[in-house]
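Below: one structure, written as structure tokens.
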Amino acid sequence: MNLAHLLEAGMLVCFGFSWPINVVKAYKAGTAKSTSLAFIFLIITGYILGIGAKVINHQYNYVLAVYILNLVIVLSNVVVYFRNRALDRMRDMEANGVKQNDKNKVVYAHEEQIVIGSMKENVSKKYNVVLLGGTYAKDIPAKKISDDFKFDFDVLNKSSFALSIKNAGEYYSKYVASLKSDGIILQLGKEDRDFFKKNPSQFDSMYLKLIDLIKTNNRNCRLALVSLNNAKNDGTIAEMNNHIKAIAESEQSVFVNLENAKLWNPKAIQSSLDFAYGMGLNIKKPIYDVAEILFSYAAQNLSEEVISNVAV
């Protein structure tokens, strides 16, 4: 056995040992943002030159085999790079609201499926109010209602299937924060009933963290916290509503009680209020009125029983 060849093979093994580890790490990371394709091709070029030198000198031995093995492993890094680049491109498209083949797309957050109708809305007016809720709230036609009431501000429904207090912060940061909304109407908790029942204090903590996140992003944003429907007089839901009300009071936010939803008269509000033309979200009443209009529509037109059964 030629000692020089053995030392060269050892050198190649030492250089090449890190590449399989790099392939696995890159595959698991699922992103190409920290990978230099030029560097990978530089390494590939070096191995090709080494293989060429062996072929020219007719040195067909185990050292050549190590060269070829290393080359194959490095080439697999190129495959993973382009796979990760495609994943990065898909994530960027989702974040920017690019529609592919269908108006609806599916994203995953905390292993929960969230169906988003439109990830990016065309904010056409100077101000905007966002409805951020779960399965029940997502079917409220905010744009239609906004048009019907001739609001001079956009009302955007950013609610999402199965959105819970556990993933609401991540969802807000990704799809709502950039809107810099003048008001946000929150209805969260329906998906968290069992979680709240086991640990109400942690539910409160997560809700407060979400509010803090919103205020940190936009300190002038007004908040309205909406209670959950409780047609069956569920004790846990009733207690959760009490907690939501207490959170609203502690954070100096508006609390909207859906127990009165069936008594609300959107048409009367439309004819008697002029807030739709003056925006006025610096005072408490208008954000309450927007929530009242949206959820009175829901109470009169949406069946939560059917929606809840689908969610389960």
Side-chain angles (χ1 to χ4, degrees), residues 1-116 118-121 160 166-180 209 213 216-217:
M1 182 178 292
N2 188 309
L3 180 59
H5 289 167
L6 183 62
L7 293 174
E8 185 179 4
M11 177 271 293
L12 291 171
V13 169
C14 289
F15 280 134
F17 185 78
S18 62
W19 286 107
I21 298 175
N22 190 68
V23 171
V24 173
K25 288 177 66 177
Y27 186 88
K28 289 182 177 179
T31 178
K33 292 181 178 179
S34 61
T35 304
S36 171
L37 186 62
F39 176 74
I40 295 175
F41 277 125
L42 184 63
I43 299 298
I44 290 173
T45 302
Y47 282 129
I48 291 175
L49 293 175
I51 291 171
K54 291 294 181 184
V55 171
I56 290 173
N57 292 325
H58 302 288
Q59 294 178 341
Y60 302 108
N61 51 32
Y62 59 88
V63 178
L64 177 61
V66 177
Y67 268 111
I68 294 172
L69 177 61
N70 282 4
L71 177 62
V72 170
I73 295 173
V74 177
L75 285 171
S76 67
N77 274 268
V78 176
V79 175
V80 173
Y81 171 85
F82 283 106
R83 173 257 189 187
N84 287 349
R85 188 176 177 184
L87 292 177
D88 288 334
R89 193 157 44 238
M90 288 175 62
R91 281 190 290 268
D92 290 341
M93 290 168 69
E94 286 178 353
N96 292 325
V98 178
K99 300 176 182 177
Q100 295 178 324
N101 301 324
D102 198 333
K103 290 183 180 180
N104 291 334
K105 58 172 69 64
V106 178
V107 298
Y108 292 89
H110 296 288
E111 301 180 347
E112 290 184 271
Q113 191 181 56
I114 303 175
V115 180
I116 315 297
S118 174
M119 301 315 300
K120 183 179 181 181
E121 300 201 33
S160 180
K166 296 178 183 178
N167 56 27
E170 177 184 353
Y171 182 87
Y172 166 82
S173 296
K174 193 171 184 180
Y175 299 118
V176 181
S178 62
L179 296 173
K180 296 297 181 182
K209 284 182 179 178
L213 176 64
T216 300
N217 178 67

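Checked against side-chain contact (heavy atoms from CB on, under 4.5 Å), Ile48 has the following partners two or more places apart in sequence or in another chain: Ile44, Leu71. Looking at residues two or more places apart in sequence or on another chain, you find no side-chain hydrogen bond (donor to acceptor under 3.5 Å, both in side chains) involving Lys209. Applying the side-chain contact (heavy atoms from CB on, under 4.5 Å) rule to Val24 yields the partners Lys28; only residues at least two apart in sequence or on another chain are considered. Applying the side-chain contact (heavy atoms from CB on, under 4.5 Å) rule to Thr31 yields the partners Ala29, Lys33, Asp88, Arg91; only residues at least two apart in sequence or on another chain are considered. Scanning for side-chain contact (heavy atoms from CB on, under 4.5 Å) contacts around Arg83 gives Tyr27, Leu87, with sequence neighbours left out. Considering only residues two or more places apart in sequence or on other chains, Tyr81 meets the side-chain hydrogen bond (donor to acceptor under 3.5 Å, both in side chains) condition with none of them. Taking Asn77 as the reference, Asn22 meet the side-chain hydrogen bond (donor to acceptor under 3.5 Å, both in side chains) condition, with sequence neighbours excluded.
With rounding to the nearest 0.5 angstrom, the CG atom of Leu75 is 11.0 Å from the CG atom of Asn70. Interatomic distance, CG of Leu42 versus OG of Ser36, reported as 9.0 Å (0.5 Å rounding).
Residues Leu64 and Gln59 come closest through the heavy atom pair CB-O, 3.9 Å. Residue Leu213 comes nearest to Ser173 through the heavy atom pair CD2-OG, 3.5 Å, listed as atom of the first residue, atom of the second, then distance.
Applying the 6.0 Å contact sphere to CZ of Phe39 captures no more than 12 heavy atoms from other residues, nucleotides or ligands.
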